[in-house]
Amino acid sequence: MEMPQPNAEILSKKAKVAAALRAVLPYDAVIDDPSETRAYECDALTAYRCPPMIAVLPATTQEVSDVLKICHREGVPVVPRGSGTSLAGGALPTADCVILGVAKMNKVLETDYDNRLIRVQSGRTNLSVSGAVEEEDFFYAPDPSSQLACAIAGNIAMNSGGAHCLKYGVTTNNLMGVTLVMMDGEIIEVGGGYLDAPGLDILGVICGSEGQLGVVTEATLRILPKPEGARPVMIAFDSNEVAGACVADIIKAGVLPVAIEFMDRPIIEICENFAKAGYPDCEALLIVEVEGSEAEIQDQLDRISRIAKKHNPVELRQSQSAAESAAIWLGRKSAFGAVGQVADYMCLDGTIPVSALPEVLRRIKELSDQYGLRVGNVFHAGDGNMHPLIMFNANKEGDLELCESMGADVLRLCVEVGGCLTGEHGVGIEKRDLMETQYSAEDLEIQMAVKDVFDPGWLLNPSKVFPLSVSQSRRAS
Amino acid sequence: MSDMLYPADEAALSDMLREAAGPLRIMGGGTRPIGRIAPAQALSTRRMQGITLYEPGAMTLVAKTGTSIEEIEAVLAAEKQRLAFEPMDHRAILGTSGQPTLGGVIAANVSGPRRIQVGAARDFALGVTFVDGTGQVLSNGGRVMKNVTGYDLVKLMSGSWGTLGVLTEVALKVLPVSETQTTLKVHVTTWADAVASMSAALGTPFDVSGAATVQAKNGGFDSLIRIEGFETSVQYRASELTQCLAKFGAVDAVVDPWAEVKDLTAWADLDTVWRISVRPTDSLSVLELMQNLQQDRGFHCQLDWGGGLIWLGLEAAQMSDVQAGLALHQTLQRHVAQLRGHATLMTSGLLRDQDLCHFQPPERAIERVSQSLRKTFDPRGILNPERMS
Ligand SMILES: Cc1cc2nc3c(=O)[nH]c(=O)nc-3n(C[C@H](O)[C@H](O)[C@H](O)COP(=O)(O)OP(=O)(O)OC[C@H]3O[C@@H](n4cnc5c(N)ncnc54)[C@H](O)[C@@H]3O)c2cc1C
C-alpha cells in the first residue's frame, strides 16, 4: 500500500507548529517526542505503520477548533482519531500529519429518556454509551464487536455496524446530530434532538465520511428501551448452500431476528478448538437470535426452527437458558481472536446480495485453493455482510502481498455479484485502490467534489478513501 | 411555459439537462408542490417506469423513479412485504391529484408514523442513480443492506427535493408485513398528558410502531399507540401496554386509524398546514404558543412520532388576514428555531402568493454548506431553483 511522500516543508516546521499548538492546549496534550508519537503509528490494520509528526489530545470542541485553525493556517494535514480500532487504516498517520485524538473527550453531556436520546462527546466508547443509560434499562443499538474500545467518533466516521443491525440499523440510522468542527476551525451544529428536518441531509453525508469532512466532537444518539430478553437458536447444516437458503426463507417468512450469524467449516473448527463452545461437526452454522418476552422468544424460535427443519439440519439447538445462550455465542464472539491464535489474518467486509451467498462462498473457496491461503467465513448473513478472514504468515516473505492480492480478488467478486467493497469497516487505505472497481470516474469525482465543499485544501485525512492517483491534483493544491 | 418534458430514460434526461436553457421544475406525479415553486419548464420522471429487480429473500427492490408507489406497494404486498417507512400521501392536504412516485418519496424523504420505529425513507434507500445539473449520470450506494464504500450520497440525495439532481433509479430495502396489528387508544384531556402517554409507551420494550395523538371529536385528545407483529406477541404487548398506560386514562383497542393519521385525510378542507419537527416534549411549547396566538379562533393539531412531528392546521375562518397570517408563520418559525427544530409551511390558500420561507431558514453555516453543495451538483442552478428556500 503506497502512501504519499511526506512534505519536507511541513516537516521542517514541526517545532513551530508544536509551539503554536502548545499555546492553545495544555502542555501534555501536545505530543511531539518521537518516542511518544509512536503510540499513534497505526490502527488495527497493523501491517501499516507510520508515526505522525505530532499528536494532540484536545478536551473540548473549542480546543479542537483552535488546533484546526493552526493546522489550516500552516497547511498541515490532520488525521482525526478515535480509539484506533479501524481495520481499514482509516486512522493511519502520515509522517507530516497531526493526529487529532478525541480520546479525552468522553463526557456524557445529556441524557433524555422522555425523548429517547443521549448527547455525548465523541471520544466516548461505544459500550460506555449504553453503560450510561443502562440503569434506566435503555441501550445504544449499534454494537460493533470492538465496542469495548472503539469510540463514537470512529463509529460515526465509518458508519459502523454490529451483529444486531439487522433489526436496529447501523450508526447512520441511530445518529440524530453532531457538532462538527470544519478544517478552518468553524464549529457547526448539524441535526439535533428532532427527526428528519427538511434541508439537505448533511448529517447523512458526514456519517461514513471517514474523517475527511470535519472533526466530530459531540453526537446526539438515539437510545432504545432494552428488550425483555433475547435467546439464540443454533442450526448446523452440511452445506453452505443449504444454510444460505435457510437464511432467505427465514427472512421471507416475516420473522425478523435481531441477528443471523453465519460460520463456515474452517471457522467452526478454529472456534471450537479455541473456545470449546460445543459446536457440531458440520459445514455451516447459523446462530439466529430473537428478542422479546419469554413467550415471544419461544414463539419466534419455534417458527425459525420449523423453517430450518425443512432444510434437514444436521443439528438444531434452541438455547433454553442464559448459560446455553452464552455457550452458543462464545464461539462466534471469539472468532477473530481464535483465528488470530492460529495465523495472521486479514479481515474483509465486502457485502453481497443475500441471494448470491452460495456462489460467493464457492468462489472464495476456489480463490483460497488457487492462492494456497486458508480462508474462514464468519459474517452477518441477514444483511449479506461477509467477513472472509484470509490467513497468512506475516513472517513469510511475500505472504502479506499474496494475501492482499487475494483479498482484492474477493472484493472484486463482491462487486461483480452486485455488492460492495465494504459493508462496515470503511475504505481507509485498505480498499482505496479498489474504489474504481465499484465507482466510475464521475462517481468518484462527485464524492471528491463534496470533500472540496467541506475541506477545499484537502487537509483532513487526505490520502484515504480515494485512489492516490485520482486525488493527486487535489492533494497537491 | 411549454409542455411538460417526459424523458424516457437516463440518456434522454441527460440530454435535456445538458441542453436546458433555463430553470426546470422537476416532478414525479406532481402530488407534492411543497416549497417555493418558481416559474420554470416542468420535467416529469413519470415515463421512467418499472421495477427492475425484486428479491423478496434479500428484502430488496430496485425501481425507476417514475414508478408509482401504488404499483410498488402492490408488488410488495403479493410477497407479504411493504415499504416499512409507510410514506405519507400528501394529496389530501395539498389538494393535488396524480400518482405519488418513488422518486418523489425519496426526493422529499417522505415517511409516515412508523418512522419512529424503523427509520425514514432515507434509511431505506440503499442506492441511487441520478442525473446532475450538468447532465452527468451518477450513482451512489448499491443494492445491498450495508454499504460504507465512499461517501453516502444516497442520504444527501434523499430529501434534496430535486435540487441536486434528478433521481432516475432507487434501490430500496423492504420489510415483511406484520401478521397483525393492534392500536390502543388512551383518552386524555391535555396535550401534556398526550405527550407523556406517548413517551411512556415508547419508553417500554414493547416495540411501539406508531405513537400519535389526534383531537377527539367530543373534546380532549386520543393518544394512539400501535403494536405490530405475530398474533400472540401483539396480544401480550397490548396487555402490557394497557397496564402501563392506564394511569393516563381509559385504554381501548380501536379500529386501525393509521391511514387517516398518516395522510391527514380529515384535513382536506383546511386552508393552511404546517409541519413541525422538534424534540417530542418540546411540542408542548409550540402548542402553548399556538394557543396564545389563536385564542378563541382555535386551530387543528395532530401529533405523530411521539410528539416529535406536529401538524398544525387552520381553516380559512381561523385566520384574519394575510398580514396576520404572515406574522403567525414567522412567529412559528422563530419559536421553533429557538427549540432547535424546523417548521415548514406545507400549504396555504391565504399565503399562496406571499414571499416567505416555506422551509425553516437554516443557520448560516449550514446554509453556506448547502449552497455550496448545490453549486457543486448543479452549477447553473437550473434544478428546482429556490425550491428549498
Ligand atoms: C476486533 C475488532 C472488531 C471489530 N468489529 C467491528 C464490527 O463488528 N463492526 C464494525 O463496523 N467495525 C468493527 N471494527 C472496526 C472498528 O472498530 C470500527 O471501524 C470503529 O468504528 C472504529 O472506531 P475508532 O474509535 O477506533 O476509530 P479510529 O480507528 O480511531 O478511526 C476510524 C476513522 O474515523 C476517523 N475519525 C476518528 N475520530 C474522528 C472524529 N472525531 N471526527 C471525524 N473523524 C474521526 C478516523 O480518521 C478514521 O478514518 C472492528 C475492529 C476490531 C479491531
Side-chain angles (χ1 to χ4, degrees), chain A residues 113-116 158-159 161 169-170 173 186 188 192-202 204-205 207-209 225-228 248 251-252 254 256 292-293 295-296 299 351-355 383-385 418-424 426-427 435 438-439 442-443 446-447 449-450 453 465, chain B residues 55-60 80 109 111 115 119-120 122-123 136 138-140 142-153 155-156 158-160 175-177 179 199 202-205 230 232-233 236 277-281 305 308 340-342 344 359-360 362 365-366 369-370 372-373 376 388:
Chain A
Y113 296 105
D114 283 339
N115 293 310
R116 299 164 303 284
M158 292 313 198
N159 189 14
V170 295
N173 313 113
E186 181 171 12
I188 67 172
Y194 52 82
L195 296 173
D196 301 345
L200 294 183
D201 189 357
I202 293 168
V205 192
C207 190
S209 63
K226 263 197 200 162
E228 290 174 272
I251 289 171
K252 269 194 284 196
L256 200 62
S293 68
E296 288 177 291
D299 178 58
T351 304
I352 56 166
V354 182
S355 49
D383 44 32
N385 192 184
C420 67
L421 297 173
T422 169
E424 58 180 17
V427 178
M435 284 292 272
Q438 188 174 330
Y439 286 115
E442 294 78 28
D443 294 341
I446 193 80
Q447 295 182 33
V450 167
V453 167
V465 182
Chain B
E55 283 184 7
M59 300 193 291
T60 349
K80 298 209 186 89
N109 189 26
S111 314
R115 196 270 172 254
R122 54 91 101 171
D123 296 295
Q136 284 193 98
L138 300 169
S139 291
N140 192 264
R143 66 171 174 102
V144 287
M145 294 293 158
K146 283 169 78 183
N147 188 345
V148 297
T149 322
Y151 297 164
D152 191 348
L153 303 186
K155 299 282 183 305
L156 187 63
S158 308
S160 63
L175 285 179
V177 174
E179 187 177 274
S199 276
L202 289 164
T204 66
F230 292 114
T232 47
S233 158
Y236 162 75
S277 173
V278 289
R279 264 192 205 209
T281 48
W305 301 353
R340 297 201 41 76
H342 287 245
T344 309
F359 292 105
Q360 183 83 30
I366 297 288
V369 171
S370 303
S372 184
L373 285 169
T376 300
M388 293 177 78

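Just so it is clear, the model here is predicted, and its values are computed rather than measured. Labels below follow one simple rule: chain letters A, B, ... track the order of the sequence lines, proteins then strands, and each chain is numbered from 1.
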Could you look at [X] and say if it's the side chain, the backbone, both or neither that has a heavy atom under 4.5 Å from chain B?
{"X": "A:D443", "value": "both"}
{"X": "A:A295", "value": "neither"}
{"X": "A:L421", "value": "both"}
{"X": "A:V205", "value": "both"}
{"X": "A:D299", "value": "side chain"}
{"X": "A:Q438", "value": "side chain"}
{"X": "A:I188", "value": "side chain"}
{"X": "A:Y113", "value": "neither"}
{"X": "A:E424", "value": "both"}

Who wins among [options] for the most heavy-atom pairs under 4.5 Å with chain A?
{"options": "B:G159, B:A58, B:S233", "value": "B:S233"}
{"options": "B:G119, B:S160, B:P56, B:S111", "value": "B:P56"}
{"options": "B:G203, B:P362, B:G142", "value": "B:G203"}
{"options": "B:P176, B:G57, B:A365, B:G341", "value": "B:G57"}
{"options": "B:L202, B:T149, B:V144, B:L175", "value": "B:T149"}

Chain B interface, residue from [options] that has the most non-hydrogen pairs under 4.5 Å:
{"options": "A:G199, A:C420, A:A449", "result": "A:C420"}
{"options": "A:C207, A:G192, A:S209", "result": "A:S209"}
{"options": "A:G426, A:A248, A:P353", "result": "A:P353"}
{"options": "A:M158, A:E296, A:K252", "result": "A:E296"}

Rounded distance [0.5 Å steps], [atom1] in [X] versus [atom2] in [Y]:
{"X": "B:S139", "Y": "A:E442", "atom1": "OG", "atom2": "CD", "result": "10.5 Å"}
{"X": "A:N115", "Y": "B:R279", "atom1": "CG", "atom2": "CZ", "result": "6.0 Å"}
{"X": "A:D383", "Y": "B:T60", "atom1": "CG", "atom2": "OG1", "result": "11.0 Å"}
{"X": "A:I446", "Y": "B:T376", "atom1": "CD1", "atom2": "OG1", "result": "6.5 Å"}
{"X": "B:S370", "Y": "A:I202", "atom1": "OG", "atom2": "CD1", "result": "3.5 Å"}

* With sequence neighbours excluded, tell me which residues meet side-chain hydrogen bond (donor to acceptor under 3.5 Å, both in side chains) with B:Q136. => B:D132

* Residue list, side-chain hydrogen bond (donor to acceptor under 3.5 Å, both in side chains) with A:D196, at least two apart or on another chain -> B:R115

Check whether [X] gets within reach of chain A through its side chain, its backbone, both or neither, counting any heavy atom under 4.5 Å.
{"X": "B:V369", "answer": "both"}
{"X": "B:N147", "answer": "both"}
{"X": "B:P280", "answer": "both"}
{"X": "B:L156", "answer": "both"}
{"X": "B:Q360", "answer": "neither"}
{"X": "B:T344", "answer": "side chain"}

Which atom pair, heavy atoms only, marks the closest approach of [X] to [Y]?
{"X": "B:K155", "Y": "A:D201", "result": "O-CB, 3.5 Å"}
{"X": "A:D114", "Y": "B:S199", "result": "O-OG, 3.0 Å"}
{"X": "B:E55", "Y": "A:S355", "result": "OE1-OG, 2.6 Å"}
{"X": "A:G254", "Y": "B:F230", "result": "O-CZ, 3.8 Å"}
{"X": "A:Y194", "Y": "B:R340", "result": "CE2-O, 2.6 Å"}
{"X": "B:Y151", "Y": "A:G208", "result": "CD2-O, 4.5 Å"}

* **Flag side-chain contact, heavy atom, 4.5 Å: A:V354 against B:M145** => no

* B:S277 side chain to A:L195 backbone, donor-acceptor under 3.5 Å -> yes

